[in-house]
There are 2 protein chains.
Amino acid sequence: MNISAAAQAAGLPVKTVRYYADIGLVEAPSRSDAGYRTYDEASVRKLAFIRRSREFGFSIDECRELLSLYQDQDRTSAEVKRIASKRLSEIEEKQRELQSLRDELAHLVTSCHGDHRPDCPIIDYLG
Amino acid sequence: MNISAAAQAAGLPVKTVRYYADIGLVEAPSRSDAGYRTYDEASVRKLAFIRRSREFGFSIDECRELLSLYQDQDRTSAEVKRIASKRLSEIEEKQRELQSLRDELAHLVTSCHGDHRPDCPIIDYLG
DNA sequence: CTTGACCTTCCAGTAACTGGAAAGATTAGG
DNA sequence: CCTAATCTTTCCAGTTACTGGAAGGTCAAG
């Protein structure tokens with residue numbers, strides 16, 4: 001499989017697939033005689049694993065960790081759960097932040113007439 | 001006022017105050033004989049305005065826009081409201097994303113025993 | 001043989017700072 | 001007046017996770 005087929009199968013851009021090998025997140029793939037990268041099912045599965053982890057918002061370093069747990073038959077589920085729980089609290093923290101931000105901004109937007117007059121509570125609040 | 005006093009008053013790191021002038025977000029401040037940047041109340045107010053706008057998650061370019069509206073006596077409140085409303089929808093979109101992410105991840109975390117055994121639904125899901 | 005779709009490497013840019021080095025200025029204490 | 005600590009300056013590099021683009025090699029079809 002050439003890189004574009006692998007990228008397609010994993011649901012990633014070609015550039016990103018190269019990038020992940022460059023930074024050592026995945027092994028460097030073997031090459032054809034012409035120097036083309038060649039991929040097999042196993043590498044595609046790993047790439048897809050990374051894509052899904054990234055979609056969950058895990059950082060590259062967390063993906064590195066998850067990937068090594070993914071490939072380690074003897075890991076404990078506790079190790080995985082620790083990383084996922086950490087990410088979960090981050091998400092919840094971010095949610096709380098966004099909620100108060102939204103409420104405040106929604107309040108400002110509602111109180112602004114949004115007409116041709118210069119009078120603006122949003123600007124007043126920021127200034 | 002030297003830079004550290006101004007930064008303190010505006011609630012920003014010194015580095016950031018310099019940075020904002022470097023990228024032309026605020027005017028370059030005047031200099032003392034020794035070349036020290038000197039700030040007055042007005043520039044501190046602008047810096048604080050930017051800080052608050054940034055805290056709302058407005059991008060630097062949006063801050064640029066807001067700042068010019070802030071300084072424009074003749075702007076209409078509609079112009080300001082447009083930018084704030086845009087930001088509000090972004091926040092709400094992000095909230096929806098985070099919510100489904102959280103639900104999915106929370107479900108996985110709950111279903112994972114988190115013990116010494118290798119069996120792990122989180123990894124199973126990602127892989 | 002040519003055309004177009006691949007592929008390669010390398011370099012640069014994104015957003016918004018942040019850290020650090022090297023060197024000059026100022027201030028407080030002795 | 002000297003010195004040490006604390007500013008301040010500029011400049012360069014690093015962060016995160018890619019993404020875009022240029023210059024050039026390869027491959028399959030017609």
Side-chain angles (χ1 to χ4, degrees), chain A residues 1-26 28-40 43-44 46-67 86-87 90-91 94 97 101, chain B residues 1-26 28-40 43-44 46-67 86-87 90-91 94 97 101:
Chain A
M1 223 188 313
N2 279 349
I3 196 168
S4 61
Q8 172 110 48
L12 287 170
V14 168
K15 281 256 178 191
T16 303
V17 172
R18 278 196 207 98
Y19 174 72
Y20 285 164
D22 284 351
I23 63 171
L25 181 55
V26 296
S30 52
R31 300 293 182 116
S32 72
D33 289 351
Y36 285 19
R37 291 168 178 81
T38 54
Y39 296 85
D40 57 14
S43 18
V44 168
K46 279 187 216 175
L47 288 167
F49 177 90
I50 296 167
R51 175 181 57 75
R52 278 187 290 270
S53 304
R54 290 286 301 132
E55 281 168 1
F56 266 110
F58 290 105
S59 71
I60 291 289
D61 273 349
E62 282 166 336
C63 289
R64 229 179 267 275
E65 239 184 306
L66 286 171
L67 201 52
K86 174 169 164 286
R87 176 71 196 131
E90 285 166 6
I91 291 174
K94 190 73 189 170
E97 258 177 55
L101 215 55
Chain B
M1 221 188 317
N2 280 347
I3 195 168
S4 60
Q8 172 111 47
L12 287 171
V14 168
K15 281 257 177 186
T16 302
V17 172
R18 279 197 207 98
Y19 174 72
Y20 285 164
D22 284 351
I23 62 171
L25 180 54
V26 297
S30 52
R31 300 293 183 115
S32 73
D33 289 352
Y36 285 19
R37 291 168 177 81
T38 54
Y39 296 85
D40 56 15
S43 18
V44 167
K46 278 186 217 173
L47 288 167
F49 177 90
I50 295 167
R51 174 181 58 75
R52 278 188 290 270
S53 304
R54 291 286 300 130
E55 283 169 1
F56 267 109
F58 291 106
S59 70
I60 291 290
D61 273 350
E62 283 166 336
C63 288
R64 230 180 267 274
E65 240 183 307
L66 286 171
L67 200 53
K86 173 167 164 288
R87 176 71 195 132
E90 285 166 6
I91 291 174
K94 189 73 190 171
E97 258 177 56
L101 214 56

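Each chain gets a letter, A, B and so on, in the order the sequences are listed, and its residues count up from 1.
- Put simply, CD1 on A:I3 is 13 Å from P on C:dC6, counting in whole angstrom units.
- For the pair B:R51 and B:G11, the tightest heavy-atom approach, listed with the atom from each and the gap, is CD-O, 2.9 Å.
- Here B:R18 lies in heavy-atom contact (under 4.0 Å) with a base.
- One N or O donor and one acceptor, one from the side chain of B:Y36 and one from the base of D:dC7, sit under 3.5 Å apart.
- No salt bridge links A:E90 with A:K94; every basic N to acidic carboxylate O contact stays at or beyond 4.0 Å.
- A salt bridge is defined here as a Lys NZ or Arg NE, NH1 or NH2 lying under 4.0 Å from an Asp or Glu carboxylate O, and A:E55 with A:R52 fails to meet this definition.
- In this structure, CG of A:D22 is placed 14 Å from P of D:dT19, rounded to the nearest angstrom.
- For the pair B:M1 CE and D:dT8 P, the computed distance is 12 Å after rounding to whole Å.
- Taking every heavy atom of both residues into account, A:R87 and A:F56 meet most closely at NE-O, 2.9 Å.
- When heavy atoms are screened at a 4.0 angstrom cut-off, B:S4 is found touching the sugar-phosphate backbone but no base atom.
- With rounding to the nearest 0.5 Å, the separation of CG in A:L25 from OG1 in A:T16 is 11.0 Å.
- Listed by first then second residue, pairs satisfying salt bridge (Lys or Arg N to Asp or Glu O under 4.0 Å) with a partner in residues 9-22 of chain A number zero, not counting sequence neighbours.
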Provide a list of protein-nucleic acid N or O atom pairs under 3.5 angstrom, restricted to nucleotides 4-6 of chain D.
none

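- A donor-acceptor contact under 3.5 angstrom links the side chains of A:T38 and A:S30, judged on distance only.
- For the pair B:S32 and A:G35, both in contact range of DNA chain C, the more 5′-proximal nearest nucleotide belongs to A:G35.
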For every nucleotide of nucleotides 10-21 of chain C, 5' to 3': is a protein heavy atom under 4.0 Å from its base (B), only from its sugar-phosphate (S), or from neither (-)? B-----BBSBB-
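- Between A:N2 and A:R37, the closest side-chain pair of non-hydrogen atoms is not below 4.5 Å.
- No more than 12 heavy atoms of other residues, nucleotides or ligands shown are found within 6.0 angstrom of CD on A:Q8.
- Nearer the 5' end of DNA chain C, as judged by each residue's closest nucleotide, is the contact made by A:T38, out of A:T38 and B:D33.
- The side chain of B:R37 contributes an N or O atom lying less than 4.0 Å from OP1 or OP2 of D:dT9.
- Put simply, B:R31 has a side-chain N or O that comes within less than 4.0 Å of OP1 or OP2 on D:dT10.
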